[in-house]
Colleague: 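Next up is a structure, given as structure tokens.
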2 protein chains.
Amino acid sequence: MNLKTLAENLGLSQTTVSRALNGYPEVSEATRQRVQDAAVRFNYRPNSRAKGLATGRSMVVAQIVPGSSEHEMVNPIFGDFVGGATEALARFGYDMMITRVLEDDQDKIYRELHARGAVDGVILQGPSVEDARIPLLNDIGMPYIVHGRSTGMTAPYSWVDVNNRRSFRRATQFLTDLGHRRIGLINGLEYMDFAHRRRQGYCEALEAVGVAEDPALLCSADMTEGYGYRETRRMLALDNPPTAILSASMLSAIGIRRAIQDCGLVMGRDVSVITHDDDLSYLRNGEDIPIFTATRSSVRAAGAILAEQLISLIAEPDHAPIQHMLEAELVVGASTGPAPRRT
Amino acid sequence: MNLKTLAENLGLSQTTVSRALNGYPEVSEATRQRVQDAAVRFNYRPNSRAKGLATGRSMVVAQIVPGSSEHEMVNPIFGDFVGGATEALARFGYDMMITRVLEDDQDKIYRELHARGAVDGVILQGPSVEDARIPLLNDIGMPYIVHGRSTGMTAPYSWVDVNNRRSFRRATQFLTDLGHRRIGLINGLEYMDFAHRRRQGYCEALEAVGVAEDPALLCSADMTEGYGYRETRRMLALDNPPTAILSASMLSAIGIRRAIQDCGLVMGRDVSVITHDDDLSYLRNGEDIPIFTATRSSVRAAGAILAEQLISLIAEPDHAPIQHMLEAELVVGASTGPAPRRT
DNA sequence: TCGTCTCTCCAAAGCGGTTTGGAAAATTGG
DNA sequence: CCAATTTTCCAAACCGCTTTGGAGAGACGA
């Protein structure tokens, strides 16, 4: 059923039917009712592509998933983020398209996506420090919003981000307040902006209590369970092991907990742990009381906010850049306690 | 830059330019070269919507993410699955669209997606036993393929699935061969088809050694870490606790391990554990040697296969239903050992 | 030299909507 | 009752591409 046959069935012109359905005022209420009823009866839906052609909008937002090779790690937050974003997008009649792109032809794909008119806007995921995609998108002139920020960017751009520096500063300070001085940081990849900022916050808090950072207590890699385990084992084997560890993700934290137990220690007593918690639906930090003390910020909620902001950027192309800072909450769980007295 | 202006620039008709770019033989090699060069020079890309309108194909495949409420759990496999699928889709020029849909208006959304002509085909995720979406899609007449199967379906349909029953039968048998007779099953939600089948396999293997199933050793829920922990604690507190546990996911298995340790027992010695492992990129089962003995089947690979099969279904609308069975491999890790002698 | 084939290329008709610029009909005001 | 509005509807152009049905130009054989 297309507009033409629907109009014929009603004995009206396509114009009138189109207007009736799209809520234009140039059509009487009686006619509008009649048209709407018929549309429902015939299960009529305007063809997306035709509508898009005519209006110049695709009502689709893209999320580009980078992946340099077959074995690239998928970001665990992907599912929840998309869940939050699609829900918000659906409310405004938008769909989300996922495009996978190899590192090397980022440029090409973004340009093509725009030239093809396939999408109205783009969500940029996982920005690195000085991310090259930002100037690229500025150049292309397609609405976009970044999930996170990119240190070192001079040009303005729209973003939604958690205050990673502050949250890790607070977390570290929480530990120093408890008397900890040897604090490990099991961080994400530090060319990623979020990890870069978390490290800054950590360093600032250490500096505030006059502790110099120790390279042996720092590491940076993909945030897996095994990584958390391995690095914790390494740190606990040091002559001067940490009494507390900061973790960049729940998964690493689970590995950290395992390592602590395997060393015959008790988490929260011998070694305190604070982790960042994205509040993933399939990886909850405990049920009633949190297992880990954590800096918590729902990535799902972030997805919804990004989607809404992107839509307003699309609606108003020369809107000033949107900059939306989210604060992580510091929730206290069972994994932290006062620094053990030096024996 | 659109076809018209490109043609004008070249002094050719739109027809010729279109044909030159799409590889039709009615155009001389010299002209084709000239056209292609110009297309590159002007960075011309045919508009997706216009092309779709003209050809009647959208070159988009949808994946519907069900979600009944705000707090619905996102399936942890989502990211890897989409990664595998989009990669395969991209090879054939397809994009993937994610649509979120509330349980209650599944019907409406599928029908609309088809009527709107927004997508050429659909991937159905997470089928339940007797899933109502399958007859619905048959009725609508849109190409689709199911990730998993649906017990109790009479109508034929296309699917790609892991042989869940066999793999859990083998896993259970592996344990009975080691002398285990008290074996717990910490299963996924059993209205989901995969969980239903795994339970069947488990029961079959127990029956083979004459062991009756014990309701106290069975449970079914969303597969979280906390769930694995809680149920393991419960089972280990029984008068007659299990000596082995089967887990439906890595996440639950991690909780199971934690519970075993918290009870002062050793996994692989006091309690054996086998888990299903979807080989998620962010949740690897150990690095060199597997932590858990596991039935392993890459969900990422499954995504790629589903995508390819769906594309062939789209290309050939009256293709016979595709039924592709994947076998999980049983990899032996450090979490299993002979049944401890009854003391 | 002329009809017949190929080779190239093109004008125009869709695909299914939206939107502009009127025109006919109904309403209002004097 | 008639002119001036307002209301209601429509024909046709347009969005950017593909594809059908030729047409013109050389090449070829007779």
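Lettering follows sequence order; numbering is per chain, from 1. Side chains included, hydrogens not; waters and symmetry mates left out as well; all remaining heavy atoms used.
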Colleague: Could you tell me how far apart Gln33(B) (CD) and dT8(C) (C1') are, to the nearest whole angstrom?
Modeller: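 These atoms are roughly 17 Å apart.
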
Colleague: Set out, in order, the CA-CA distance, both residues' side-chain angles and the distance that settles side-chain contact (heavy atoms from CB on, under 4.5 Å) for His147(A) and Val299(A), then state yes or no.
Modeller: CA-CA 10 Å; His147(A) 182 205; Val299(A) 78; 3.8 Å; yes

Colleague: Quick one: do Glu87(B) and Arg300(B) satisfy side-chain contact (heavy atoms from CB on, under 4.5 Å)? Show the steps, please.
Modeller: CA-CA 10 Å; Glu87(B) 191 177 295; Arg300(B) 178 178 203 118; 4.0 Å; yes

Colleague: Before giving the answer on side-chain contact (heavy atoms from CB on, under 4.5 Å), spell out for Glu308(A) and Arg91(A) the whole-Å C-alpha distance, their side-chain angles and the decisive distance to 0.1 Å.
Modeller: CA-CA 9 Å; Glu308(A) 285 183 21; Arg91(A) 280 206 302 280; 2.7 Å; yes

Colleague: Expressed as a whole number of angstroms, how long is the span from Glu29(B):CD to dC9(C):P?
Modeller: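 Rounded to the whole Å, the gap is 11 Å.
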
Colleague: Verify the contact: side-chain N or O of Thr16(B) to OP1 or OP2 of dC9(C), cut-off strictly under 4.0 Å; return yes or no.
Modeller: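 No, no such contact exists.
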
Colleague: To the closest 0.5 Å, what do you measure between CD1 (Ile109(B)) and NE2 (His114(B))?
Modeller: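 Here the rounded value is 15.0 Å.
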
Colleague: Rounded to whole angstroms, how far apart are CZ on Arg57(A) and P on dT19(C)?
Modeller: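 It works out to 11 Å between those atoms.
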
Colleague: Could you tell me whether the side chains of Asp80(A) and Ser281(A) share a donor-acceptor contact shorter than 3.5 Å?
Modeller: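 Side chains of Asp80(A) and Ser281(A): pair found under 3.5 Å.
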
Colleague: Could you tell me the boundaries of the chain A footprint on DNA chain D, defined by atoms under 4.0 Å from its heavy atoms?
Modeller: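 The contact span of chain A on DNA chain D goes from dT8(D) to dG16(D).
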
Colleague: Do Phe78(A) and Gln125(A) have side chains that approach each other closer than 4.5 Å (heavy atoms only, starting at C-beta)?
Modeller: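 Side-chain contact under 4.5 Å: no.
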
Colleague: Classify every nucleotide of nucleotides 12-17 of chain C by which part a protein heavy atom approaches to under 4.0 Å, writing B for the base, S for the sugar-phosphate alone and - for neither, in 5'-to-3' order.
Modeller: B-BBBB

Colleague: Pair His324(A), Leu306(A) - check side-chain contact (heavy atoms from CB on, under 4.5 Å), show working.
Modeller: CA-CA 9 Å; His324(A) 189 128; Leu306(A) 268 127; over 6 Å; no

Colleague: Is there side-chain contact between Tyr110(B) and Ile64(B), with at least one heavy-atom pair below 4.5 Å?
Modeller: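 Result yes, sub-4.5 Å side-chain heavy-atom pair found.
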
Colleague: Please report the distance, rounded to the nearest Å, between CZ in Arg32(B) and P in dC7(C).
Modeller: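 Roughly 14 Å, once rounded to whole Å.
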
